[in-house]
Amino acid sequence: MPAARESLLDAAYAALARRPWSAVRMVDVAAAAGVSRQTLYNEFGSKDGLARALVRREADGYLAGVDRALTGHSDLRDRLTATAEWITSAARDNALVRAMLTGCWSERLPSPALSAVPSTSAVPAQRRADGPLPSPGDFVALVRDRAVTVLAGPGTPRSDTADLARSCELAVRLALSCVAAPPGEGGVADLVHSVLQGEAG
């Protein structure tokens, strides 16, 4: 029932934009998605299961955007700059992404436990949502490792890969600092280029 699942997640996300998670009612989410409340419970098990699946979906969307940014340019600095810009724009535009990246969950948002939770659901997608959710540190490592995989060519010496990993992590951490304290004129791109220039020098 993938279509119903996506409709339910869309409805939950839309409801969260209008009111705090504590005020989001399962019956309203089901009605907005055009399915029964029982279908919602069959798919997610509980409101917490819905929250975990919603957070997981937003995390997957964020990481898909990282992958697009990393492959959208040919120059290494441009790729890392595009990735840093994506990180800051995704966090600016999506409160759940911002909370995942910073660990700052406001009372308006669901705050599912990062650790895996037991599930009796037979729905495979539900089991996936019951698995551990990434912490802010996990996101740094995930993006760094994806960047290194994309940017390091075959046969890249280990020492060059270590330098690349450091540059990638610097770009990610710089982007996260811009989430907390948005930069002025020139924005993220100027900051990343300056830092990477210093790394190369």
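Side chains included, hydrogens not; waters and symmetry mates left out as well; all remaining heavy atoms used. All residue numbers in this chain count up from 1 along the given sequence. Bear in mind the structure is a predicted one, so any value in this text is a computation, not a measurement.
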Set of residues satisfying salt bridge (charged side-chain N to carboxylate O under 4.0 Å, His left out) with respect to [X], sequence neighbours excluded:
| X | value |
| --- | --- |
| Glu58 | none |
| Asp145 | none |
| Asp78 | none |

Report the residues that fulfil side chain to side chain contact (heavy atoms under 4.5 Å, CB included) with [X], sequence neighbours left out, ordered by chain and then residue number.
| X | result |
| --- | --- |
| Ser106 | Arg108, Leu109 |
| Ser7 | Ala33 |
| Leu191 | Leu174, Cys178, Pro183 |
| Ala23 | Arg19, Pro20 |

Note, [X] side chain near [Y] side chain (heavy atom, < 4.5 Å):
| X | Y | answer |
| --- | --- | --- |
| Leu50 | Leu9 | yes |
| Phe139 | Val172 | no |
| Val66 | Leu142 | no |

Backbone N/O of [Y] and side chain of [X]: donor-acceptor pair under 3.5 Å:
| X | Y | answer |
| --- | --- | --- |
| Arg18 | Ala14 | yes |
| Trp21 | Ala51 | no |
| Thr39 | Val35 | no |
| Asp67 | Ala64 | no |

Within this structure, what is the [atom1]-[atom2] distance for the pair [X] and [Y], rounded to the nearest 0.5 Å?
| X | Y | atom1 | atom2 | value |
| --- | --- | --- | --- | --- |
| Cys168 | Leu80 | SG | CG | 4.5 Å |
| Trp105 | Met100 | CH2 | CE | 6.0 Å |
| Asp75 | Thr81 | CG | OG1 | 8.0 Å |
| Arg144 | Glu169 | CZ | CD | 5.0 Å |
| Arg5 | Leu40 | CZ | CG | 10.5 Å |
| Thr88 | Leu176 | OG1 | CG | 9.5 Å |

Search all heavy atoms of [X] against all heavy atoms of [Y] and return the closest pair with its distance.
| X | Y | result |
| --- | --- | --- |
| Val188 | Ala84 | CG1-CB, 3.6 Å |
| Phe44 | Ala53 | CE2-CB, 3.4 Å |
| Lys47 | Ser22 | NZ-O, 3.6 Å |
| Ala69 | Trp86 | CB-CB, 4.3 Å |

SB check Asp60 Arg57 (cutoff 4.0 Å): no
Between Arg56 and Leu133, does a side chain to side chain contact (heavy atoms under 4.5 Å, CB included) hold up when you go through it step by step? CA-CA 7 Å; Arg56 173 65 70 185; Leu133 298 172; 3.7 Å; yes
Could I get the full list of side-chain hydrogen bond (donor to acceptor under 3.5 Å, both in side chains) partners for [X], not counting sequence neighbours?
| X | value |
| --- | --- |
| Arg79 | none |
| Gln38 | Asn42 |
| Asp190 | none |

Residues pairing under salt bridge (charged side-chain N to carboxylate O under 4.0 Å, His left out) where one sits in residues 85-106, two or more places apart or in two chains, turn out to be none
Residues 20-42 vs salt bridge (charged side-chain N to carboxylate O under 4.0 Å, His left out), sequence neighbours excluded, gives Arg25-Asp28
Of Asp138, Val148, Leu63, Leu101, the one forming a side-chain contact (heavy atoms from CB on, under 4.5 Å) with Val143 is Leu63
- Task: Apply side chain to side chain contact (heavy atoms under 4.5 Å, CB included) to Leu96 and Leu16, showing your working.
- Result: CA-CA 10 Å; Leu96 284 173; Leu16 183 58; 4.0 Å; yes
Atom CZ of Arg146: over 12 foreign heavy atoms under 6.0 Å: yes
